[in-house]
2 protein chains.
Amino acid sequence: MDRRPSSPSTGEALLFLTDEQLRQGIEAMFFAYRGFTADPDRILGDMAYGRAHHRAIHFIGRAPGTTVNNLLNILGVTKQSLNRVLRTLIADGLVESKVGRQDKRERHLNLTEAGRTLEQTLSDAQRARMRSAFRDAGPEAVAGFRTVLEAMMDGEMRSSYSRLKDSAS
Amino acid sequence: MDRRPSSPSTGEALLFLTDEQLRQGIEAMFFAYRGFTADPDRILGDMAYGRAHHRAIHFIGRAPGTTVNNLLNILGVTKQSLNRVLRTLIADGLVESKVGRQDKRERHLNLTEAGRTLEQTLSDAQRARMRSAFRDAGPEAVAGFRTVLEAMMDGEMRSSYSRLKDSAS
DNA sequence: GTTGGAGTGTCAACAACACTGACATAAAGT
DNA sequence: ACTTTATGTCAGTGTTGTTGACACTCCAAC
C-alpha cells in the first residue's frame, strides 16, 4: 500500500517519500541513538556520573580552554543545569576552571590529566562502536550518513558542528 | 595530524578511520538527534506530556494491539517507567488497554481516536523534518544513512527495528 | 485439585537531570 | 555613573529513569 513509483516530473530527481519510509527513518534514528549512548552509559553507571557529565567532558576535551558560555551554547542546556555538572567535575579534579586573562569574567575550562583519562575511556567505547558501524557500512554509506545528519540539524547546531569540525584541521 | 593514508593490506577496501572522523560522526549524531526531537518536544512542552509519552504513542500506533511487555522490549525501559506514562495516557483517554482474551495477564494497547490525532500531530512535525533532510540529502545519502544506523544498533534493537519494518509491508 | 513458579502488570519511593525564576558578583563597555 | 555581559548559586518543579514490594493470572508438577 502507498507504494507510488517515483515519477519524475522535473529534471530534478524528486524524491517520493512515503510516510512509511519516513517512519522507518524515525525509528532507525531512535534505535541507533540508543546503541550510540549504550556503551558510555554502561561505564558511567558504575561511577557517580551520568550522560550529562560525558557530554561536558567530551566538548571540553574537544575545545580546550572554551568558556562556560560557549559550552552552554553547544550543549543547549541552561547554565544551572551545566553548572551542577561542572561543579562536581571540578570538585573531583577532572576539569579545571581558570579566570580569563583578557576578560576576567570568563572562565576557561580544561581537562586535567584525570579528566583526559576518563574522556579517553568513554570515547574509546563510543568510537569503537562508531568505527565498527562505519566499517560495516562502507565509505559511501558513511558519507550519506553524515549528509543526512547535517541536514537534520537545526541551524545553530549546524554552526556549532561546523565550527568544531573545522577547528580540528 | 593523525592523517594516515589508507594502506590496504588485504584485498578488501579496509577503511582507515581516524579518531577525528569518528569524533565527527559522534558529534553529528549528537546534534542531529537534538534536531530530531526538537519539534515534538516543542509541541509536547505545551501539554503535560514529554518525550516518553511520544515514544509510547508512536509505537502503539505502529503496532496496534501490542502488549505491555512487547512495548517494554521495544522501548528498553523498565515496566514501572512505562507504566507511569501509560497510566496518564489511559486516564486521559488517548490509549485504551484491554485484557487479553486468551491470556488474561496480558493487556492489549490501542490508540483511541484522540490518541491517533495526537500521534498524527507529533509525527507530522517529525516527518516534516525527516522529509526535508532526506530531500536535501538525496536518495543515495538516505540509503547510506539507514545502513550506518542499522549497523550502530544493538542486536536486540535491530531485531525490533526489522520486525516493525517488515510488519508494515 | 492444589500448590508453586513464571509471567504480567501496578503502586510507591528515590535519583538524575532538565527547567524556570530570582538574585549576587565582578568586569566590561558606554 | 549606568548598563550590559559572564558567571555562579539557591530554591522549586517536572519528566523520566531506577529498585523494591506486591497482586493477579497462567501453567505445569505433584
Side-chain angles (χ1 to χ4, degrees), chain A residues 30 33-34 37-38 40-58 60 65-92 95-110, chain B residues 30 33-34 37-38 40-60 65-92 95-110 122:
Chain A
F30 170 70
Y33 196 77
R34 284 253 302 285
T37 56
D41 280 0
R42 205 168 9 250
I43 296 172
L44 288 161
D46 300 337
M47 317 184 191
Y49 298 137
R51 204 177 289 181
H53 299 85
H54 179 199
R55 290 196 285 257
I57 289 177
H58 174 99
I60 293 173
T66 187
T67 62
V68 172
N69 214 8
N70 183 33
L71 199 52
L72 235 40
N73 291 329
I74 290 176
L75 293 174
V77 296
T78 59
K79 61 178 180 177
Q80 293 91 331
S81 243
L82 176 58
N83 189 254
R84 180 172 2 94
V85 169
L86 277 183
R87 215 183 318 168
T88 68
L89 289 176
I90 291 170
D92 295 351
V95 169
E96 62 178 5
S97 160
K98 280 183 300 193
V99 173
R101 279 197 306 178
Q102 300 113 334
D103 190 333
K104 291 178 190 162
R105 290 173 303 178
E106 297 179 337
R107 306 295 147 92
H108 297 280
L109 304 170
N110 286 283
Chain B
F30 171 70
Y33 197 77
R34 284 252 302 283
T37 55
D41 280 359
R42 207 171 2 255
I43 296 172
L44 288 161
D46 301 337
M47 317 184 192
Y49 299 138
R51 205 177 288 179
H53 299 84
H54 179 198
R55 290 197 284 257
I57 289 176
H58 174 99
F59 286 109
I60 293 173
T66 187
T67 63
V68 172
N69 210 15
N70 182 33
L71 200 51
L72 235 40
N73 291 328
I74 291 176
L75 294 174
V77 296
T78 58
K79 58 183 178 175
Q80 294 87 334
S81 214
L82 175 58
N83 187 254
R84 179 168 1 91
V85 169
L86 280 181
R87 213 186 317 164
T88 68
L89 289 176
I90 292 170
D92 294 350
V95 170
E96 60 178 6
S97 159
K98 279 183 298 191
V99 174
R101 279 195 306 177
Q102 300 113 335
D103 190 334
K104 289 179 190 161
R105 291 174 300 182
E106 297 178 338
R107 304 297 144 92
H108 296 279
L109 303 169
N110 286 283
L122 295 172

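Only a predicted model underlies this, so the values are computations on that prediction, with no experimental measurement involved.
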Review point. Roughly how many Å is it from NE2 in B:H108 to P in C:dG7, rounded to a whole number?
Key: 17 Å
Review point. Side chains of B:R107 and B:V99: closer than 4.5 Å at any heavy-atom pair?
Key: yes
Review point. What nucleotide, of D:dT16, C:dA18, C:dC11, holds the atom closest to the side chain of B:R87?
Key: C:dC11
Review point. How close or far is atom C1' of C:dA18 from atom CZ of B:R34, stated in whole angstroms?
Key: 12 Å
Check your understanding: Between D:dC26 atom P and B:N69 atom CG, what is the distance in whole Å?
Key -> 15 Å
Check your understanding: Hey, is the side chain of B:R55 poking within less than 4.0 Å of OP1 or OP2 on D:dG17, counting only N and O atoms?
Key -> yes
Study note, to complete from the structure: Closest to the side chain of A:V68, out of D:dT16, C:dA18, D:dT7, is D:dT7
Practice item. Measure the shortest side-chain to side-chain distance between A:H58 and B:F30 over non-hydrogen atoms and say whether it is less than 4.5 angstrom. Key: no
Exercise for review: Answer with yes or no whether A:Q80 presents, from its side chain, a donor or acceptor under 3.5 Å of a partner atom in the base of D:dG12.
Suggested key: no
Review point. Quick one: does A:R107 reach the base of D:dG8 with a side-chain donor-acceptor pair under 3.5 Å?
Key: no
Review point. Given that A:G76 and A:R101 both sit by DNA chain C, which one's nearest nucleotide is further toward the 5' end?
Key: A:G76
Review point. From the list D:dT19, C:dC17, C:dC11, which nucleotide is the closest neighbour of the side chain of B:N83?
Key: C:dC11
Point to revise | d(NE2, B:H54; P, D:dG17) in whole Å | key: 14 Å
Practice item. Would you please confirm or rule out a distance under 4.0 Å between OP1 or OP2 of C:dC19 and any side-chain N or O of A:T78? Key: yes
Study note, to complete from the structure: Looking only at C:dC19, D:dG8, C:dT8, the nucleotide nearest the A:V77 side chain is C:dC19
Review point. Taking OP1 and OP2 of C:dC19, is either one under 4.0 Å from a side-chain nitrogen or oxygen of A:S81?
Key: yes
Point to revise | Side-chain-base donor-acceptor pair under 3.5 Å for A:R105 and D:dT5 | key: yes
Practice item. Select base, sugar-phosphate, or nothing to describe what A:R84 touches, counting heavy atoms under 4.0 Å on all strands. Key: base
Practice item. Assign A:H53 to base, sugar-phosphate, or nothing according to its heavy-atom contacts below 4.0 angstrom with the strands shown. Key: sugar-phosphate
Check your understanding: Is A:K79 side chain donor-acceptor paired with the D:dT7 base, going by distance under 3.5 Å alone?
Key -> yes
Check your understanding: Given atom CZ of A:R51 and atom P of D:dT18, what is their separation to the nearest angstrom?
Key -> 11 Å
**Study point:** Nearest heavy atoms of A:G65 and A:N110, plus distance in Å
**Key:** N-OD1, 3.0 Å
Practice item. Would you confirm whether B:R34, through its side chain, and A:L75, through its main-chain N or O, come within 3.5 Å as a donor-acceptor pair? Key: yes
Check your understanding: Taking atom C1' of D:dG8 as reference, at what distance in whole Å does atom CG of A:L82 sit?
Key -> 11 Å
Practice item. Could you check how far CG of A:L89 sits from P of C:dC17, rounded to whole Å? Key: 10 Å
Check your understanding: Would you say A:Y49 and A:L89 make side-chain contact, with heavy atoms under 4.5 Å?
Key -> yes
Check your understanding: Is there a side-chain contact between A:L72 and A:N69 (heavy atoms, below 4.5 Å)?
Key -> yes
Check your understanding: Between D:dT18 atom C1' and B:L72 atom CG, what is the distance in whole Å?
Key -> 13 Å
